[in-house]
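Here's the structure we're looking at; comments come further down.
Below, read A as the first sequence line, B as the second, and so on, with proteins coming before strands; counting in each chain starts at 1. Computed from a predicted model, the values in this text were never measured in an experiment.
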Amino acid sequence: MTNVRVRFAPSPTGPLHIGGVRTALYNFLFARRHGGTMILRIEDTDQSRFVPGAEQYIVESLQWLGIGIDEGVGPGGPHAPYRQSERQGIYRQYAEQLIRSGHAYYAFDTEEELEAMRTRLRQSGAAQQQYGPAVRMTMRNSLTLPPEEVQRLLNSGAHYVIRFKIPEGQQITLHDLIRGQVTVNSEQLDDKVLMKSDGMPTYHLANVVDDHLMEITHVIRGEEWLPSAPLHVLLYRALGWEVSMPRFAHLPLLLKPDGNGKLSKRDGDRMGFPVFPLTWTDPFTGEQSPGFREAGYLPAALINFLALLGWNPGTEQELFTINELIEAFSLERISKSGARFDINKAQWFNQQYLRKLPDEQLAGWLSQQLEREGHACSMEKKLRIVALLKERITFPHDLYGQAKIFFVPPAQPNADWVRKKWTPAIQRALEEFAGNLAKQNNLTAEVLRQLLEQAAGEQQLKAGQLMQPLRVALTGETTGPDLMEMAVILGRDACIQRIKYTLQYTQSVLF
RNA sequence: GGCCCGUUCGUCUAGGGGUUAGGACAUCAGAUUUUCAUUCUGGUAACAGGGGUUCGAUUCCCCUACGGGCUACCA
């Protein structure tokens, strides 16, 4: 395959949905795999749905994820502009060409007339209520009106659209790279609007014209476009571009984690996970939608997760660098059925990627968190903390949650546990332990262990029986990272102080 | 309603006319660990249903069911 050119063509109608991200990713992987070009085109032909900031959001999201754009909005390129709203003249030219060649016509019907037509058809029991071969000759268009009247209407500035004249009784077969042959009869299609009355093209026209002009070789897009793909084939034909028509690949959809339907923002809200790459603030309502980035997901982990949602390499490998993904990717191995979105797996990937990061980077995150909370800490100590905690976290912000014990002494020990398990022997052993600790100048995990064994032994306790009490004394909690390592990082004086504080508490409460 | 697409463990999936139907996440149990987590070991768990074709079907064909998408001057 030479000169592969693919495009990701979102509409700036809001934040980029995670399903859109996956579409972009598959396009990107395919382009890179074949040494091709990845193009970003903005399909902003619906002015009523335009949302300020959405385009910028899309660009930033792709950037964060490392989905590189070779050509298009941003980097520019030989087929600029790449924003469809800036290409109106081009579409008009081709729409008029289609009228001249008899493949399209002007239609002047008002909204009311269209509605009346549909009602009429519905009541007469027609299978479908479409503007097509069966009804077009009963409507007000350049097929039914005398040419002078058409010209008069056009000159008078009357509202009109340009419709495609769907051919009758044709079998249209397209070869989808994922689904194989898909055949549709043109009876099922209607006379789609190509140019709207506001002068903008519809998706169908703009898409076909741009893909041709931009020399797109493979159209990789969501399954929602499969039903209109035959129409697009017809358009390529009518425009005389069938020989260079791109190949199609329609991707399966992302489904709700539970229940029926496709994944929506509601599901994320309901189950507590993001469905957008970055946090998004709606410019009209001010409503905030959480993003994967802000939730603590690493871009590489999200990419890995998404890549495997609907595609697999045919091996048992699960962890992929982006280069490995590029190397292994192929359209043939994309599955045909929709994939339920399971955030559990995304978290697992994040955990895997997080622990592979160098300690310095984790320490950097910890620094920010500590600074925000107003705690000072040496880099050396931060690195030790990070090394102790890195296998215990799923998100970067978990770091502070677990490191907090080093900076904030417990307000009081876990009361339930103390009431149930605390004994006078423990009390005496910990007193002894704290006393001996005070004499130590060079604290190591090994020294601590010895001191603990010694203190325990004198009260007829096993070292293990004193471990939990010591943890409670130091952190207030019954679980946490390795006790000895933790105590070493905490330091001798802090340990002694916390033990004494706890012993006072238990004394007053229990004895 | 019409048309199109789909259906393997709870989830993502591998497989493919004869397999103990494989892996991963989740879950459960055991081991390790002072605890939790990690790690390791093991377990539970799937071919939507019915007809064909065939010596044999989860795999091929048809039907049904179910799911999804489309059916706009939205993309």
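- A salt bridge does not link D44(A) to R83(A): none of the charged nitrogens lies less than 4.0 Å from a carboxylate oxygen.
- Against RNA chain B, the stretch residues 466-476 of chain A makes heavy-atom approaches under 4.0 Å through M467(A), Q468(A), R471(A).
- Contacts of D482(A) with the nucleic acid, taken as non-hydrogen atoms under 4.0 Å apart, include base atoms.
- Considering only the side chain of R179(A), rC5(B) comes nearest among rA24(B), rC5(B), rA75(B).
- rA72(B) and rC3(B) are spaced 16 Å apart, taking the P atom of each and rounding to whole Å.
- For the 3.5 Å distance criterion, the side chains of R7(A) and N27(A) fail to qualify, holding no donor opposite an acceptor.
- When both distances must be under 3.5 Å, the Watson-Crick or G-U wobble mate of rG1(B) is rU71(B).
- Between the side chains of Y91(A) and D210(A), at least one donor-acceptor pair of N or O atoms lies under 3.5 Å.
- Rounded to whole angstrom, the span from the NZ atom of K345(A) across to the P atom of rA24(B) amounts to 9 Å.
- Distance check, rounded to the nearest 0.5 Å: OH of Y82(A) to CE of M214(A) gives 6.0 Å.
- The phosphate of rU13(B) (OP1 or OP2) has a side-chain N or O of S335(A) nearer than 4.0 angstrom.
- Listed here is the closest heavy atom pair of W311(A) and F329(A): CZ2-CA, 3.6 Å.
- A centroid separation of less than 6.0 Å is found between the aromatic rings of F273(A) and F341(A).
- Within the nucleic acid shown, G222(A) has no heavy atom closer than 4.0 Å to any nucleic acid atom.
- Note: CG (L309(A)) to P (rA24(B)) measures 18 Å, nearest angstrom.
- Taking the centre of each ring, F248(A) and W225(A) stay at or above the 6.0 Å mark.
- With respect to T506(A), the side chain to side chain donor-acceptor pair (under 3.5 Å) criterion is satisfied by exactly one of R419(A), Q412(A), Q427(A): Q427(A).
- Where R340(A) and T202(A) each meet RNA chain B at their nearest nucleotide, the meeting point lying more 5' is that of R340(A).
- Spacing between rU58(B) and rA14(B) at atom C1', rounded to whole Å, works out to 14 Å.
- Using the Watson-Crick or G-U wobble rule with both distances under 3.5 Å, rU11(B) pairs with rA24(B).
- Residue S11(A) is in sugar-phosphate contact alone, with no base atom involved, counting any heavy-atom pair closer than 4.0 Å across all strands shown.
- When all heavy atoms of P396(A) and L354(A) are compared, the closest pair comes out as N-CD2, 3.8 Å.
- P257(A) comes within 4.0 angstrom of nothing in the nucleic acid, heavy atoms only.
- The stretch residues 445-465 of chain A has no heavy atom under 4.0 angstrom from RNA chain B at all.
- Regarding E43(A), its CD atom lies at a distance of 9 Å from the P atom of rA75(B), rounded to whole Å.
- Annotation: the span from Q188(A) atom CD to L231(A) atom CG amounts to 13.5 Å, rounded to 0.5 Å.
- For rA14(B), one of the phosphate oxygens OP1 or OP2 lies less than 4.0 angstrom from a side-chain nitrogen or oxygen of N312(A).
- Taking atom CE of M139(A) as the reference point, atom P of rC73(B) lies 11 Å away to the nearest angstrom.
- If you take atom C1' in rG2(B) and the same atom in rC60(B), they sit 29 Å apart, rounded to whole Å.
- Remark: the K192(A) side chain and the rA72(B) base include no donor-acceptor N/O pair separated by less than 3.5 Å.
- Around the CD atom of Q93(A), the shell of radius 6.0 Å holds more than 12 heavy atoms that belong to other residues, nucleotides or ligands.
- Close to rA75(B), at under 4.0 Å from its OP1 or OP2, lies a side-chain N or O of T45(A).
- What separates CG of N207(A) from C1' of rC73(B) is a distance of 17 Å, to the nearest Å.
- For K356(A), the NZ atom counts as densely surrounded, since its 6.0 Å shell holds more than 12 non-hydrogen atoms of other residues, nucleotides or ligands.
- Rounded to whole Å, the C1' atom of rU54(B) lies 25 Å from the corresponding atom of rA46(B).
- The partner of rU32(B) is absent, by the rule that a Watson-Crick or G-U pair needs both atom distances under 3.5 Å.
- With both ends at atom P, the span from rU20(B) to rA26(B) equals 30 Å, rounded to whole Å.
- The minimum heavy-atom distance linking G19(A) with L254(A) is given by the pair CA-CD2, 3.5 Å.
- rG23(B) and rG18(B): their C1' atoms are spaced 23 Å apart (whole Å).
- For the segment residues 46-53 of chain A, residues with any heavy atom less than 4.0 angstrom from an atom of RNA chain B are, sorted by number, D46(A), R49(A).
- rG10(B) and rG69(B) are spaced 25 Å apart, taking the C1' atom of each and rounding to whole Å.
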Audit row: I166(A), R136(A), side chain to side chain contact (heavy atoms under 4.5 Å, CB included) steps and yes/no: CA-CA 10 Å; I166(A) 206 87; R136(A) 70 165 79 101; 3.7 Å; yes

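- Rounding to whole angstrom units, CG of residue L388(A) and C1' of rU34(B) are separated by 14 Å.
- Atom CZ of R247(A) sits in a sparse spot, with 12 or fewer heavy atoms from other residues, nucleotides or ligands closer than 6.0 Å.
- Residue-level contact check: D398(A) touches neither bases nor backbone, having no heavy atom under 4.0 Å from any strand.
- What separates CD1 of I426(A) from P of rU34(B) is a distance of 17 Å, to the nearest Å.
- Of the two residues contacting RNA chain B, namely G480(A) and G338(A), the nearest-nucleotide position lying further toward the 5' end is that of G338(A).
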Base contacts versus sugar-phosphate-only contacts with protein, heavy atoms under 4.0 Å: please encode nucleotides 38-46 of chain B as B, S and - from 5' to 3'. SS-------

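- Here V193(A) lies in heavy-atom contact (under 4.0 Å) with sugar-phosphate atoms only.
- Residues I499(A) and A434(A) share a closest heavy-atom pair of CG2-CB, 4.0 Å.
- Salt-bridge annotation for E432(A) and R428(A): absent, with no side-chain N of the basic residue lying under 4.0 Å from a carboxylate O of the acidic one.
- Within the structure, every pair that satisfies the side chain to side chain donor-acceptor pair (under 3.5 Å) test and touches residues 248-267 of chain A, not counting sequence neighbours, is listed here: D176(A)-H250(A), R221(A)-H250(A), K256(A)-D267(A), D258(A)-R270(A), S264(A)-D267(A), K265(A)-D269(A), K265(A)-S289(A), D267(A)-R270(A).
- Across the strands present, rG6(B) finds its partner in rC66(B); the criterion is a Watson-Crick or G-U wobble pair with both atom distances under 3.5 angstrom.
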Mark up nucleotides 63-69 of chain B, 5' to 3', with B wherever a protein heavy atom is under 4.0 angstrom from a base atom, S wherever such an atom reaches only the sugar-phosphate, and - elsewhere. ----SSB

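- You'll find the ring centres of F164(A) and Y105(A) outside the 6.0 Å limit.
- At a threshold of 4.0 angstrom between heavy atoms, the contacts of R122(A) with the nucleic acid are absent.
- Protein atom CG of L121(A) is 12 Å distant from nucleotide atom P of rA72(B), rounded to whole Å.
- Scanning both residues, H204(A) and S228(A), for their nearest heavy atoms gives CE1-CB, 3.7 Å.
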